[in-house]
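Written out below as structure tokens is the structure these notes cover.
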Amino acid sequence: MMQQSGVVPPQMAPMPIDPQQQQYQHAPPPPMNQQQWMMLQAQQQQSQAAAMPPQLWPQQVPQAAVPPPQYSASPASGSDEIRSLWIGDLQPWMDEQYINTCFYSTGELVSVKVIRNKQTGQLEGYGFLEFRSRATAEQVLQTYNGTLMPNSEQNFRLNWATLGAGERRTDDSPDYTIFVGDLAADVTDYLLQETFKPHYLSVKGTKVVTDRTTGRSKGYGFVRFGDETEQMRAMSEMNGALCSTRPMRIGPAATKKPIGGGQQYEKGHREALISGACN
DNA sequence: TATGAGCGA
């Protein structure tokens, strides 16, 4: 009766705080507001970057009007209800407690669920994080994704939890992807992007494929271009070029997903087209 | 070496 569900009670309005009688109402984590926390994250990111070699620095895009690279687009198309993130690439020992520790500093983590196999009880390697607000989840996504996980040699892999809402890519342009093999073991998404981005402005994103169980690179990856001309140019120009310590071997990527904006042909249609051509 | 991606038991 004190508060309605789903409605923020007006009692949260700022009230004068008596310093000698300051007490928390009921929440154990320090009541840090979002603004403070974002500043804290920024500082943390800076200090991290200062301790990292330049090729590992988070990508800073100088231009203002640049489309978001990967996961920054919010899936909420109209509603702000998605507050959960999917987390993958977890090792078998990374349980709820570990993940809680990783994100405790946000003070906004509501719950953690790590999925385990029903028979074996082993962790399936992914889980879900729920935050107090979608804005918080988005901050976590952008701040943590791709950064090193504590006590491990691999990076966080985060994304929005779908829950049937599905993530709408507002990107209507198709991707032109190349396969990059022969990568050195230390090549990351960032380094791969750093290698291509300066030469090809249409680079949308890169992915180094990692072994889910070990977290180590499988030695190959992908680079997505927005421009087909640059894709083809890169295939000839960057083949054999050095990335980290080894020359890359570049080939066409087998498209696992046809096209972002266009409609794909079904097999029947394609066969119909072929037979129609012979007819 | 090789063609990504994993969503709540």
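First the proteins, then the strands, lettered A, B, ... as listed; each starts at 1. Excluded from the calculations below are hydrogen atoms, water molecules and symmetry mates; all remaining heavy atoms, backbone and side chain alike, are included. Because the structure is predicted, anything quoted here is derived from the model rather than measured.
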Legend entry - Per-pair stack call A:F222 and B:dG4, 5.5 Å, 30°: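 It does: the ring sits over the base of B:dG4.
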Legend entry - B:dG8 pyrimidine/purine six-ring stacking with A:F128, under 5.5 Å and 30°: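 A:F128 vs B:dG8: stacking yes.
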Separation of [X] atom [atom1] from [N] atom [atom2], in whole Å?
X      : N     : atom1 : atom2 : answer
A:L85  : B:dG8 : CG    : C1'   : 14 Å
A:R157 : B:dA5 : CZ    : P     : 6 Å
A:Q122 : B:dA9 : CD    : P     : 16 Å
A:K207 : B:dG4 : NZ    : P     : 11 Å
A:Y176 : B:dT3 : OH    : P     : 24 Å
A:L129 : B:dC7 : CG    : C1'   : 12 Å
A:D89  : B:dA5 : CG    : P     : 8 Å
A:N117 : B:dC7 : CG    : P     : 14 Å

Inset, instruction - Give one of base, sugar-phosphate or nothing for A:Y126, where a contact means two heavy atoms less than 4.0 Å apart. - result: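 Contact class for A:Y126: sugar-phosphate only.
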Inset, instruction - Answer with base, sugar-phosphate or nothing: what part of the nucleic acid does A:R249 contact at a heavy-atom distance below 4.0 Å? - result: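 Answer is base: heavy atoms of A:R249 come under 4.0 Å of a base.
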Measure from the side chain of [X], starting at C-beta and using heavy atoms only, and say which of [options] lies closest.
X      : options             : value
A:D182 : B:dC7, B:dA2, B:dG4 : B:dA2
A:T177 : B:dG4, B:dA2, B:dG8 : B:dG4
A:S84  : B:dG4, B:dA2, B:dG8 : B:dG8
A:I115 : B:dG4, B:dG8, B:dT3 : B:dG8

Inset, instruction - Let me know, please, whether A:V114 or A:G88 comes out on the 5' side of the other along DNA chain B by nearest nucleotide. - result: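 Mapping each residue to its closest nucleotide by heavy atoms, the 5'-most match is A:G88.
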Inset, instruction - Return the 5'-most residue of the pair A:R116, A:W86 with respect to DNA chain B, ranking by each residue's nearest nucleotide. - result: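 Comparing both residues, the 5'-ward one is A:W86.
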Inset, instruction - Specify the glycosidic conformation (syn or anti) of B:dG4, with syn defined as within 90° of 0. - result: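 What B:dG4 shows is an anti base, its glycosidic angle lying more than 90° from 0.
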Inset, instruction - Determine, stepwise, if the pair A:Y144 / A:T106 fulfils side-chain contact (heavy atoms from CB on, under 4.5 Å). - result: CA-CA 11 Å; A:Y144 284 81; A:T106 67; 4.0 Å; yes
Inset, instruction - Determine whether more than 12 heavy atoms belonging to other residues, nucleotides or ligands lie under 6.0 Å from atom CD of A:E153. - result: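 No, CD of A:E153 has 12 or fewer neighbouring heavy atoms, counting only those of other groups under 6.0 Å.
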Legend entry - Heavy-atom neighbours of A:R233 CZ exceed 12 at 6.0 Å: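 Counting other residues, nucleotides and ligands, CZ of A:R233 exceeds 12 neighbours.
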Legend entry - Salt-bridge present (A:E108, A:R83; N to O < 4.0 Å):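 Here A:E108 does not pair with A:R83 in a salt bridge, since their nearest N and O are not under 4.0 Å apart.
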Legend entry - Parallel, tilted or perpendicular: rings of A:F196 and A:F225 (30°, 60°):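 Plane angle over 60°, so perpendicular.
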Legend entry - Polar side-chain contact A:N159-B:dA5 base: donor and acceptor under 3.5 Å: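 Result: no qualifying N/O pair found.
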